[in-house]
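Note that the structure is predicted; figures quoted are calculated from it, not measured.
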Amino acid sequence: MSKPRIFLCARIPESAEAYLGGRSRLDIYKGKDNIRRAELIRVVRNAEGLIPTVTEPVTGEIMDAAPDLRVIANYGVGYNNIDVDAATERGLPVTNTPGVLTDTTADLAFALILAAGRRIAEGDRFVRSGKWKGWQPTQMLGQDIHGKTLGILGMGQIGRAVTRRAHGFGMKILYNDPRRLPAGEERKLGARYSSFASLLKRSDIVTIHTLLTAETRHLIGTAELRMMKPTAILVNAARGPIVDERALTVALRAGRIQAAGLDVFEEEPFVDSALRKLENVVLLPHLGSASLETRTAMGMLAAKNCLAALSGKKPPNLVNPEVWKNRRKAAKT
Ligand code: 8YV
């Protein structure tokens, strides 16, 4: 049997590329910048498997440009870049990479909490600029993180991993999620359920770990920022559009909240200059899962999902399982 044709939209760590390359006829986009839509439409024509990343919107138009396409295996746990309904309509399985990046992303969220609270990036800029003229007792005072109340929006795998870290800092944990955890699980985790409004009002730090959906788009806007404490810190390592970036910029500039840490933006890689000018926000280029170990593991999982589907096996991380059910039904009739 000839090897399947797979198109990978960006370079991934070497060992994962080698794994895929040994099992498929692999074509990798090697451009310096992200692949553009027109180019993707051109190259996807030959693909049976497509591995996109967060930066490639995979629309019905892309799917229709690929007559042989049999699977879309996202490199990432969040799959808002893929029109899953369009894929389901076309009988195309979509997969993602959950689990392998949970702890790495939680580490990064915690790094943002610490960096925003203790002014770490600002301090680094201060030293590099040569402006530091000597130690002073009131210089660059931030706020303690240990012992504070942490509000977690979205208690999925990453939210739980953040909770575990927060216990090491003696923090009190509140959480809000459309699905409340069973009491036993809450107890084990050491997190208390809170209404959305009450979490915003009571938390010293609010960290976002929800999926981007129609319901969570601009979940945090002007009204929500006004509910937060003036000393509050907001962290977003989930998806940019969950926060109304303009409203956040206004709130940070006016000192309506104290600081923010952002790993994601509404229109990546665009970050408004008004936000970039502020000292009380830490800005990162979507580094949530960016460790060599984790980006390799994501590549291996995306590869396994892709190869499984191409060999007719149910991929381990299907996000639209109804496609598989329909396929089995069709095979029986
Ligand atoms: C990835 C992420 O870097 O997995 C996710 O949802 O946001 C990041 O960890 C990105 O999706 C890569 O495509």
Excluding sequence neighbours, so at least two apart, what forms ring pair (Phe, Tyr, Trp, His ring centres under 6.0 Å) with Phe196?
none

Do the side chains of Arg128 and Asp124 get close enough for a salt bridge, i.e. N-O under 4.0 angstrom?
yes

Which residues, ordered by chain and number, are linked to Leu69 in its hydrophobic cluster, where ILVMFWY side chains connect at heavy-atom gaps below 4.5 Å, directly or through other members?
Phe7, Tyr29, Ile35, Leu40, Ile41, Val43, Val44, Leu50, Val58, Ile62, Met63, Ile72, Tyr79, Ile82, Val84, Leu92, Val94, Val319

Is the shortest heavy-atom distance from the side chain of Ile51 to the side chain of Leu20 under 4.5 Å?
yes

For Lys172, check side-chain hydrogen bond (donor to acceptor under 3.5 Å, both in side chains) against everything at least two apart and list the hits.
none

Contacts of Asp177 that satisfy salt bridge (Lys or Arg N to Asp or Glu O under 4.0 Å) - sequence neighbours left out
none

Residues in salt bridge (Lys or Arg N to Asp or Glu O under 4.0 Å) with Arg42, at least two apart?
Glu39

Would you call Arg246 and Glu266 a salt bridge, taking side-chain N to carboxylate O under 4.0 Å as the test?
no

Residues that Thr294 engages under side-chain hydrogen bond (donor to acceptor under 3.5 Å, both in side chains), provided they are two or more places apart:
Thr104, Ser291

Taking only residues two or more places apart in sequence or in another chain, which ones pass side-chain hydrogen bond (donor to acceptor under 3.5 Å, both in side chains) with Glu56?
Thr53

Hits for salt bridge (Lys or Arg N to Asp or Glu O under 4.0 Å) against Arg187, two or more places apart or cross-chain, chain-then-number order -> none

Just to verify, what does Asp68 make a salt bridge (Lys or Arg N to Asp or Glu O under 4.0 Å) with, not counting sequence neighbours?
Arg5

Please list all pairs passing the ring pair (Phe, Tyr, Trp, His ring centres under 6.0 Å) test where one or both residues lie in residues 254-307, with sequence neighbours left out.
none

Is the backbone N or O of Ile233 less than 3.5 Å from a side-chain atom of Gln258, with the two atoms forming a donor-acceptor pair by type?
no

Excluding sequence neighbours, so at least two apart, what forms side-chain hydrogen bond (donor to acceptor under 3.5 Å, both in side chains) with Asp64?
Arg90

Lys3 backbone acceptor or donor facing Arg23 side chain under 3.5 Å:
no

Gly78 backbone acceptor or donor facing Asn74 side chain under 3.5 Å:
yes

Any residue meeting ring pair (Phe, Tyr, Trp, His ring centres under 6.0 Å) with Phe110, in chain and number order, not counting sequence neighbours
Phe169

Would a distance-only check, ignoring hydrogens and angles, find a side-chain to backbone donor-acceptor pair under 3.5 Å from Arg276 to Val271?
yes

Is it the case that the side chain of Lys148 and the backbone of Asp144 share a donor-acceptor pair, with hydrogens and angles ignored and the cut-off at 3.5 Å?
yes

